[in-house]
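The block underneath contains the structure these notes are about, expressed in structure tokens.
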Amino acid sequence: MKRNITIVGIGMGNPETMTLQAIHAVEQSDLLIGAQRMLDSFQDMQKPTFCAYQPEKIKDYLIQNTNYQKPVILLSGDIGFYSGAKKLYQVLEDYQIDTISGISSLVYLCGKLHTAWEDVHCVSIHGREAVLISEIASHQKTFILAGGNQTPAQICRQLLQKGLGTATVSIGENLSYPNEKIVCDRAENLITYQSEKLCVMLVTHQNAHRYSLGIADEQFIRDKVPMTKSEVRTVSIAKLQLQPDDIVYDIGAGTGSVSVELALQLPSGMVYAVERKPQALELMIKNQKQFGAYNLECILGEAPEVLKELPKPDKAFLGGTAGNMEEILRLLLQKNPYIRIVVNVIALESLTEALKCFQKFGLIHQEVVQMTIAKAKEVGSYHMMMGQNPVYILSGEGNGYECP
């Protein structure tokens with residue numbers, strides 16, 4: 001029979017906030033496992049303890065100490081909310097696991113603030129600074145687990161820099177402990193706030209924006225730089241088959257119309273837009289600021305060289321390759337053999353080149369779509385259909401083999 005283990009969410013840390021079921025499980029245990037802060041809450045019980053939070057380390061200890069029949073693993077908050085339980089389930093698959101949920105920091109803080117939490121967007125910020133601001137901008141309520149090098153003051157400074165200084169920020173410190181502290185103010189007033197390490201945040205603002213796919217061409221700042229038109233842009237982005245946290249390259253980004261739409265559709269992802277013409281890059285940056293595409297990084301340079309140092313992409317859109325299509329596709333497939341790629345071309349020579357490249361690199365699920373768009377224009381009392389250039393939209397995916 002499998003040995004039994006109980007994973008217990010102890011809430012904020014103060015034993016008084018634990019459920020009776022959790023308390024009974026701890027009382028009946030013969031071994032407590034967890035980080036030191038978890039174990040300190042139950043030192044009066046004088047139970048045998050093992051200080052660890054790494055799943056593999058916990059498993060090894062249990063294998064070496066079979067005399068314990070009722071071990072309990074202590075986790076902070078609720079076991080289903082940014083918890084170590086997810087990895088424990090995988091590592092301890094040979095054990096019979098019972099679970100007891102606790103009170104999460106999200107539920108606790110929202111209760112203290114007298115606000116509902118069913119419409120709160122939850123994020124963790126470790127290594128995701130640019131994405132964090134994008135997620136805040138697209139949601140009216142965002143709950144943040146602070147930590148690492150990102151303090152509430154640093155986040156508030158980022159909000160102020162991006163024009164979100166009037167957002168209301170609530171900082172909860174040492175929740176449930178005697179020295180609990182909750183501070184509420186506008187982000188612009190908290191840029192120097194000194195917070196405790198053990199803290200969470202709730203950012204609220206009423207100007208959250210969500211753009212549907214297919215922004216009108218007239219909304220973009222264009223000047224004389226070529227731009228992918230709305231209908232073609234919409235179909236091309238749909239062919240990328242985006243996932244919420246994708247990293248996407250836009251190569252030959254022009255005015256940034258595709259880049260901006262990609263970023264607005266990926267509040268949890270990141271877009272890297274590459275453009276070799278300084279004039280176009282300036283327009284792209286203006287469009288980025290106009291639409292609040294905070295998770296868009298605009299890069300001046302020529303592909304494929306400028307792509308080498310960028311993070312591994314999940315998807316790539318090629319709107320202009322300046323004669324380097326084969327080299328660009330090769331690098332993309334070397335960085336990610338499973339990458340999904342969409343290419344827009346107008347000239348027949350470019351279409352031929354793209355088809356040859358797709359065939360050479362063995363892209364799978366290949367598809368070619370031709371779009372011919374005509375839009376009505378008022379001429380006196382009449383409406384005349386004005387045709388745009390036909391556009392070829394090619395799409396395909398890497399076959400999983402490393403590209404030479």
Donor-acceptor side-chain pairing of [X] and [Y] below 3.5 angstrom:
X      : Y      : value
Tyr108 : Glu180 : yes
Ser268 : Glu135 : yes
Gln158 : Gln150 : yes

Within the supplied structure, the quantity of interest is the number of heavy atoms (other residues, nucleotides, ligands) at a distance under 6.0 Å from [X] [atom1]; does it exceed 12?
X      : atom1 : result
Gln194 : CD    : no
Tyr338 : OH    : no
Lys112 : NZ    : no
Gln46  : CD    : no
Gln21  : CD    : no
Glu27  : CD    : yes
Lys277 : NZ    : no

Polar side-chain atom of [X] near backbone of [Y] as donor-acceptor pair, under 3.5 Å:
X      : Y      : answer
Arg233 : Ile215 : yes
Asp78  : Gly102 : yes
Asn295 : Ser134 : no
Asn336 : Pro313 : yes
Asn287 : Gly256 : no
Gln290 : Gln219 : yes
Asn14  : Glu16  : yes
Thr17  : Gly13  : no
Ser350 : Ile346 : no
Asp98  : Thr6   : no

Note, [X] side chain near [Y] side chain (heavy atom, < 4.5 Å):
X      : Y      : answer
Arg340 : Lys315 : yes
Leu331 : Glu327 : no
Leu92  : Ile73  : yes
His205 : Thr166 : no
Leu74  : Phe42  : yes
Val260 : Val271 : no
Pro71  : Leu62  : yes
Leu159 : Ile133 : yes

Salt bridge or not for [X] and [Y], using N-O below 4.0 Å?
X      : Y      : value
Arg330 : Glu326 : yes
Arg186 : Glu188 : yes
Glu196 : Lys181 : no

Using every non-hydrogen atom in the two residues, find where [X] and [Y] come nearest and quote the distance to one decimal.
X      : Y      : answer
Pro304 : Asn324 : CD-CB, 4.3 Å
Glu173 : Cys199 : CG-CB, 4.0 Å
Ser257 : Thr228 : OG-O, 3.5 Å
Met284 : Cys298 : SD-SG, 3.4 Å
Cys110 : Val120 : SG-CG2, 4.3 Å
Ser170 : Leu109 : O-CD2, 4.4 Å

With rounding to the nearest 0.5 Å, note down the distance linking [atom1] in [X] to [atom2] in [Y].
X      : Y      : atom1 : atom2 : answer
Leu310 : Ile247 : CG    : CD1   : 9.5 Å
Leu307 : Ile251 : CG    : CD1   : 4.5 Å
Ile221 : Leu283 : CD1   : CG    : 7.0 Å
Leu113 : Thr204 : CG    : OG1   : 8.0 Å
Tyr249 : Lys312 : OH    : NZ    : 10.5 Å
Ser212 : Glu261 : OG    : CD    : 8.0 Å

Once you measure the plane-to-plane angle for Tyr68 and Tyr61, does it fall in the parallel (<30°), tilted (30-60°) or perpendicular (>60°) bin?
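Taking Tyr61 first and then Tyr68, their aromatic rings lie parallel (interplane angle under 30°).
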
Among [options], exactly one meets side chain to side chain contact (heavy atoms under 4.5 Å, CB included) together with [X]. Which residue is that?
X      : options                        : answer
Lys375 : Gln388, Met384, Met386         : Gln388
Leu318 : Leu332, Asn344, Val345         : Leu332
Leu300 : Val274, Val306, Leu281, Ile285 : Leu281

Show your reasoning for whether side chain to side chain contact (heavy atoms under 4.5 Å, CB included) applies to Ile136 and Val123.
CA-CA 9 Å; Ile136 291 174; Val123 296; 6.0 Å; no

Begin with the C-alpha distance, continue with both residues' side-chain angles, and end with the deciding distance and a verdict on side chain to side chain contact (heavy atoms under 4.5 Å, CB included) for Ile182 and Leu175.
CA-CA 8 Å; Ile182 298 177; Leu175 296 180; 4.2 Å; yes

Show, in sequence, the C-alpha distance, side-chain angles and deciding distance for Glu367 and Lys239, and conclude whether the salt bridge (Lys or Arg N to Asp or Glu O under 4.0 Å) test is met.
CA-CA 9 Å; Glu367 185 181 38; Lys239 295 296 182 182; 2.9 Å; yes

Side chain to side chain contact (heavy atoms under 4.5 Å, CB included) between Lys59 and Ile63: does it pass, once the steps are laid out?
CA-CA 6 Å; Lys59 179 181 179 180; Ile63 291 174; 4.0 Å; yes

Does the salt bridge (Lys or Arg N to Asp or Glu O under 4.0 Å) test come out yes or no for Arg222 and Asp217, once each step is laid out?
CA-CA 9 Å; Arg222 180 179 178 185; Asp217 295 337; over 6 Å; no

Please assess Val91 against Ile58 for the test side chain to side chain contact (heavy atoms under 4.5 Å, CB included), listing each intermediate value before the final yes or no.
CA-CA 9 Å; Val91 172; Ile58 292 173; over 6 Å; no

